[in-house]
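To start, the structure itself, in structure tokens.
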Number of protein chains: 2
Amino acid sequence: MGAMSNVDRALSALRDMIFSGQLAPGSDHLETELAAQLGMSRTPVREAALMLQAQGLVDVRPRRGIRVRPVSAQDMRDIYDILTELESLAAARAAEAGYCSAELATLAKSIADMDAALEADDLRAWAQADDRFHRELVRLGGNARLAMIVAVMRDQVRRARATTLFMRPKPSKSNTDHHTVYQAIAAQDSARAHATHHAHRRAACKMLVELLEKHQFHGL
Amino acid sequence: MGAMSNVDRALSALRDMIFSGQLAPGSDHLETELAAQLGMSRTPVREAALMLQAQGLVDVRPRRGIRVRPVSAQDMRDIYDILTELESLAAARAAEAGYCSAELATLAKSIADMDAALEADDLRAWAQADDRFHRELVRLGGNARLAMIVAVMRDQVRRARATTLFMRPKPSKSNTDHHTVYQAIAAQDSARAHATHHAHRRAACKMLVELLEKHQFHGL
DNA sequence: GCATACTTTAATGTATACGTTATTGCAATC
DNA sequence: GATTGCAATAACGTATACATTAAAGTATGC
């Protein structure tokens with residue numbers, strides 16, 4: 001059933017450790033140590049590390065160990081540039097696809113959840129719902145490769161987003177943006193979906209980069 | 001010096017075999033066989049296969065072997081959608097960067113090479129120069145991640161492009177497009193660089209997809 | 001004291017061995 | 001004849017052993 005190989009376990013364990021900060025950004029870790037920690041041999045750890053390298057989460061450097069890649073403000077700008085274009089394209093394509101409201105239910109639900117979370121001042125719940133919104137939006141775009149790239153880019157900024165979550169201004173503008181994007185998609189207004197989401201992402205990027213630079217984070 | 005590991009050798013050998021069609025799209029290949037062919041053990045072949053999977057060139061499927069991923073017309077559309085957005089963004093960013101003409105020399109050279117190749121009716125040379133143009137354009141965009149994604153996407157359509165190279169109409173429009181993009185970048189006209197390149201890519205996509213569908217390629 | 005060449009060491013890259021497991025072929029049954 | 005269950009097999013996932021190699025430490029000469 002649960003065809004969970006050791007490589008899968010290593011992958012998800014390492015991802016968790018990276019996102020939780022248990023493996024700090026910039027820190028190095030030997031294959032042997034990680035293998036011992038995870039209770040398996042070097043082989044699956046090594047393979048997992050290679051996959052994480054392909055996803056830009058670590059650098060595998062001969063004899064220096066597996067390094068957790070820190071994310072600078074410039075990295076953030078680069079990543080958001082990519083996210084902005086690709087997610088906006090997905091929004092436009094979703095609008096063109098002519099989904100009925102039933103097919104947009106998940107998207108609507110995540111927006112409602114965000115509103116509720118904002119009301120309740122529950123930022124963690126808000127962030128989760130925000131995640132769902134963006135994932136669903138990209139799924140509706142109907143381009144699997146695009147979805148994969150976006151997922152990888154989002155993973156790269158996950159730590160930074162989590163760290164800055166409580167420093168940000170209340171994301172009420174964000175919520176109205178999501179509403180607008182939703183309406184544009186429902187109305188099959190491709191151009192508006194694109195434009196609105198594009199602006200939404202640019203604003204998010206600006207805010208995050210300013211936060212990072214203001215707080216002098218070397219690498220998150 | 002030449003720090004060539006077996007993994008590196010396997011990677012480049014497999015890439016060559018995939019691009020040349022020696023490993024046909026859709027075909028399966030056992031780790032053991034490839035290892036024997038490349039004169040090494042399974043380990044480096046396996047690691048190389050995992051990397052190629054991350055780059056979307058193969059699927060590694062337990063007990064069915066390493067499958068060379070075929071590219072359908074729909075894949076082509078998806079890939080070109082991504083390429084169109086990201087390369088156009090790169091063009092815009094390159095224009096904003098304010099490069100001097102010396103810094104744009106490589107770009108200019110590749111355009112000149114394309115013109116010369118077209119004049120000489122040397123399509124292979126034209127394709128090579130076209131490759132250089134797009135690679136350099138993306139490099140000038142200054143976003144390393146974007147460059148990497150674009151490279152991966154281009155690799156995925158490489159075979160299909162090579163196969164259809166001699167079926168295409170003479171790419172003279174393509175050359176004038178490149179000129180226009182170059183001029184926009186040199187003039188630091190970000191919007192025009194973006195718009196021109198965007199249109200250029202959309203046209204290329206349309207032409208390729210029509211070719212693929214007309215000739216009923218199942219997967220290239 | 002400093003630089004250089006050598007030794008040592010430790011981590012990786014690769015090969016190989018082995019247990020596990022999906023698939024294939026075959027036989028028995030309906 | 002088709003189907004199901006079982007046995008055989010072959011490929012993979014993983015562990016481990018070994019070779020390679022870069023880095024660190026050490027001794028030597030100046």
Side-chain angles (χ1 to χ4, degrees), chain A residues 1-18 22-70 148 152 219, chain B residues 1-18 22-70 148 152 219:
Chain A
M1 288 236 181
M4 261 300 242
S5 69
N6 275 359
V7 176
D8 294 332
R9 269 186 287 274
L11 263 176
S12 90
L14 290 176
R15 283 173 58 92
D16 285 350
M17 290 159 83
I18 290 170
Q22 191 178 339
L23 299 182
S27 61
D28 293 322
H29 306 274
L30 300 178
E31 293 176 3
T32 315
E33 288 175 17
L34 292 175
Q37 243 177 69
L38 301 179
M40 58 184 74
S41 80
R42 273 176 56 216
T43 309
V45 172
R46 208 178 141 78
E47 293 189 359
L50 288 175
M51 295 183 188
L52 292 174
Q53 178 171 51
Q55 293 171 16
L57 289 179
V58 305
D59 276 331
V60 175
R61 302 183 309 170
R63 272 153 242 288
R64 305 212 162 178
I66 294 156
R67 153 161 302 201
V68 180
R69 284 182 69 169
M148 186 120 2
V152 168
Chain B
M1 274 259 181
M4 260 302 241
S5 69
N6 274 0
V7 176
D8 294 332
R9 270 185 286 275
L11 262 177
S12 90
L14 291 176
R15 284 173 57 91
D16 285 351
M17 289 160 84
I18 290 170
Q22 192 180 338
L23 299 182
S27 62
D28 293 322
H29 306 274
L30 300 178
E31 292 176 4
T32 314
E33 287 174 18
L34 291 174
Q37 244 178 72
L38 302 178
M40 57 184 73
S41 80
R42 273 177 54 215
T43 310
V45 172
R46 206 179 142 77
E47 293 189 359
L50 289 175
M51 294 184 189
L52 292 174
Q53 179 171 51
Q55 293 171 16
L57 289 179
V58 306
D59 276 331
V60 175
R61 303 184 308 170
R63 273 153 242 285
R64 305 212 162 179
I66 295 155
R67 153 161 302 200
V68 180
R69 284 183 69 169
M148 186 120 0
V152 167

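Proteins come first, then strands; the chains are lettered A, B, ... in the order of their sequence lines, and each starts at number 1.
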Subject >> Donor-acceptor contact present, side-chain B/Arg42 to main-chain B/Ala35, <3.5 Å >> reply: no
Subject >> Side-chain donor or acceptor of A/Asp16 paired with backbone N/O of A/Ala13 under 3.5 Å >> reply: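 Between the backbone of A/Ala13 and the side chain of A/Asp16 there is no qualifying donor-acceptor contact (under 3.5 Å).
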Original post:
What stems, by residue range, does DNA chain C take part in, given at least 3 consecutive Watson-Crick or G-U pairs under 3.5 Å?
Top reply: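 Output for stems: C:1-30 with D:1-30.
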Subject >> Sequence-distant partners of A/Asp59, side chain to side chain donor-acceptor pair (under 3.5 Å), two or more places apart >> reply: none
Original post:
For C/dA15, does OP1 or OP2 lie under 4.0 Å from any side-chain N or O of B/Asn6?
Top reply: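 Yes.
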Short heteroatom pairs, N/O only, protein and nucleotides 5-8 of chain C, under 3.5 Å:
none

Subject >> Value in whole Å for how far the P atom of D/dC12 lies from CG of B/Leu50 >> reply: 12 Å
Original post:
Quick one: A/Leu11 CG to D/dT14 P, roughly how many Å, whole number?
Top reply: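 Atom CG in A/Leu11 sits about 11 Å away from atom P in D/dT14.
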Atom pairs under 3.5 Å, N or O on each side, protein against nucleotides 22-24 of chain C: can you list them with distances?
unit_1, atom_1, unit_2, atom_2, d
C/dA22, O4', B/Arg63, NE, 3.2

**OP:** Residues of residues 37-45 of chain B with any non-hydrogen atom less than 4.0 angstrom from an atom of DNA chain D: list those, numerically ordered, please.
**Re:** B/Arg42
Original post:
B/Arg46 and B/Val60: side-chain contact (heavy atoms from CB on, under 4.5 Å), yes or no, with the steps?
Top reply: CA-CA 9 Å; B/Arg46 206 179 142 77; B/Val60 175; 5.8 Å; no
Subject >> Test side-chain contact (heavy atoms from CB on, under 4.5 Å) applied to A/Pro25 - qualifying residues, sequence neighbours left out >> reply: A/Pro70, A/Arg159
